[in-house]
Amino acid sequence: MSTSLLSSGIISSICLISVLLFGTGCSVRYTPDWTSLDARPLPPWFDEAKIGIFVHWGVFSVPGYGQFSEWLWCWWKNKKRLDIVDFMRKNYPPGFKYADFAPQFRAEFFNPADWADIFAASGARYVVFTSKHHEGFTNWPSATSWNWNSVDVGPHRDLVGELGAAVRKRSLHWGLYHSFYEWFHPLYLSDQASGYKTQDFVALKALPELYDLVMRYKPELIWSDGDWEAPDSYWNSTQFLAWLYNDSPVKDVVVVNDRWGKGCYCKHGGYYNCADRYTPGKLPDHKWEKCQSIDKRSWGYRRNMKLSETMDLPSIIKDMMYVVALGGNYLLNIGPMSDGMIAPVFEERLRGLGAWLKVNGEAIYSTKPWRVQTENSTVSVWYTSKNSTVYAVILSWPSKLLFQLLTPKTSETTKVTLLDYPDLPLKWAPAAETTGLQILMPAMPVSHGNAWTLKLEGVV
Ligand SMILES: *[C@@H]1O[C@H](CO)[C@@H](O)[C@H](O)[C@H]1NC(C)=O
Ligand SMILES: *[C@@H]1O[C@H](CO)[C@@H](O)[C@H](O)[C@H]1NC(C)=O
Ligand SMILES: *[C@@H]1O[C@H](CO)[C@@H](O)[C@H](O)[C@H]1NC(C)=O
């Protein structure tokens, strides 16, 4: 057992004793060091939720160009990508600056209720929205981002506040993405030049904005990013997290990821993102999340996106099943357009996911990994479990009427149903000579996701 599990066990026992003796719950105080912070138990809503929607929106949505469109400014200015340098030269007048895109970020069709309806219809249980990406433009009226925020320029609206209210109205959890570093902020650049010995950017920009976000919008999740150039001691991450867990208005519910300074990810913080699109080969021993964009080439919107570059619904469900079976959460990204519309292709994918989850959600929400995560029968199978029930999600329809699962051990009380037909128990028989069972499959129900769930009761 790792020391962090051990100490979180001790902390939970202290909490329990405190409830029993004094009826007051838990008053553990975290100290600003990783040993203490890492021992905090993750608020349970996050693991139960399983599915979130990630939203990348900012000034980068205006040019909306090229692979990882949200990085355009950096790659243009540093001449790191010649296609972007070319694109800018051909399409914008000499002297055009990145800041000139901001007034064109108009969001004239932005209706937070429409977005929140789509997110709720997707079956997701939380939303993570870019409050500020590496370009530094804040999607709320930050007092320390003068003339580079969504109220002073562009939409002239508090995007974080408006979307947050709409999302919460639909009972989804509200999370904020926040980039520590800003590519071209003068204070950041001077701290960088000092080898991160000075902390002016942190004192005057990064930390005031983080505290402001928490106090104003009370996010239940902070998705930290842009941390990797400097150590956590530069960002004062542990001091911030100790305040967040001890004294902030969201201390009991807030969940954070693991990007809190160079070398932190996959090691410290709340749940682990590790690198982008982290793809563990076997069951990790720590709660994790995979983020994945429907546009396979970008987080931010690309005006030059092609249909063939997007994930279709079966590939989204396949990716999600892999993640959930391995104990992760799946954070599916869309990049809205600068005018405030969500491209219909993204909306269609999200609504399709929701339709699939309406039938199969029992195999996803609040599940735990089973003793085996996957097997290759005649089709590929991903397992999840809830209490004594086991779910086998199959990623195509078997070609034969008799379908064999290889791993479950049956008993006299074994019952098999397809979630599409909950009232119709299926005939089954133990597999001859091996573990597993043969199931007599019914007629194939329609599934736009090309995936179905066999619910197995009374198996081990
Ligand atoms: C970071 O934390 C240290 C130790 O508590 C403190 O001395 C320093 O002032 C903090 N820096 C900022 C920018 O908050
Ligand atoms: C199932 O098959 C895939 C593709 O051939 C392979 O990558 C994977 O390792 C197999 N999984 C198991 C559990 O055998
Ligand atoms: C299933 O397990 C959860 C905890 O994992 C528990 O809260 C719940 O009551 C259980 N449900 C049933 C029907 O046993």
Side-chain angles (χ1 to χ4, degrees), residues 29-37 142-145 178-182 185-215 222 224 226-227 229-248 260-262 264 268 277 279-284 290 314-315 317-328 369-385 390-396 398-399 403-409 431 434-436 450-451 454:
R29 303 247 344 144
Y30 296 93
T31 49
D33 55 82
W34 290 121
T35 311
S36 172
L37 298 168
S142 164
T144 50
S145 194
H178 171 267
S179 170
F180 266 129
Y181 88 151
E182 296 176 22
H185 197 290
L187 293 177
Y188 181 69
L189 296 177
S190 71
D191 285 351
Q192 189 179 50
S194 82
Y196 301 109
K197 293 200 172 61
T198 57
Q199 272 187 312
D200 295 337
F201 177 73
V202 179
L204 299 171
K205 186 73 169 49
L207 283 181
E209 287 190 339
L210 264 178
Y211 285 101
D212 185 35
L213 281 172
V214 172
M215 294 310 290
I222 297 178
S224 181
D227 60 314
E229 291 188 342
D232 60 82
S233 54
Y234 168 72
W235 299 116
N236 269 23
S237 301
T238 56
Q239 285 84 359
F240 170 74
L241 289 173
W243 170 79
L244 189 70
Y245 294 171
N246 289 329
D247 300 310
S248 80
W260 296 99
K262 191 176 188 166
C264 277
H268 295 304
R277 298 185 208 76
T279 306
K282 58 183 180 35
L283 193 63
K290 178 182 181 182
S315 62
I317 289 173
K318 185 174 169 191
D319 199 29
M320 176 188 72
M321 278 325 302
Y322 146 79
V323 169
V324 173
L326 267 74
W370 192 44
R371 64 177 170 87
V372 169
Q373 282 71 58
T374 183
E375 69 180 34
N376 292 326
S377 176
T378 47
V379 300
S380 49
V381 181
W382 291 98
Y383 287 107
T384 62
S385 69
V390 175
Y391 299 93
V393 178
I394 54 175
L395 294 184
S396 51
S399 56
F403 173 62
Q404 182 163 352
L405 286 173
L406 309 171
T407 316
K409 295 182 186 132
T434 55
T435 61
N450 198 37
L454 288 158

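As the structure lists them, so they are numbered: ligands from 1, and atoms in each ligand from 1. Everything numeric here is computed off the predicted structure, so don't read it as measured data.
- A distance below 6.0 Å separates the ring centres of Y211 and F240.
- Side-chain atoms of D200 and T198 form no donor-acceptor pair, as typed in the model, at a separation below 3.5 Å.
- Given atom 2 (O) of ligand 2, the protein heavy atom at minimum distance is N376 ND2, 2.3 Å.
- At a distance under 4.0 Å, no protein heavy atom can be found next to atom 4 (C) of ligand 2.
- Counting heavy atoms from C-beta outward, F180 and Y188 have side chains that stay 4.5 Å or more apart.
- Remark: ligand 1 atoms within the under-4.0 Å shell around heavy atoms of A203 are 13 (C).
- Atom 1 (C) of ligand 1 has N236 ND2, 1.5 Å as its closest protein atom, hydrogens excluded (heavy atom only).
- Between F201 and E182, some side-chain heavy-atom pair lies under the 4.5 Å cut-off.
- Of the options Y391, Y383, W382, a ring pair (Phe, Tyr, Trp, His ring centres under 6.0 Å) to W370 is made by Y383 and by none of the others.
- Near L207, meaning under 4.0 Å from any of its heavy atoms, are these atoms of ligand 1: 14 (O).
- Within the 4.5 Å cutoff, side-chain heavy atoms of Q404 are placed close to those of T434.
- Distance check for atom 7 (O) of ligand 1: every protein heavy atom is found at 4.0 Å or beyond.
- Distances from atom 14 (O) of ligand 2 to the protein include at least one heavy-atom value under 4.0 Å.
- Inside a 4.0 Å radius of atom 11 (N) of ligand 2 there is at least one protein heavy atom.
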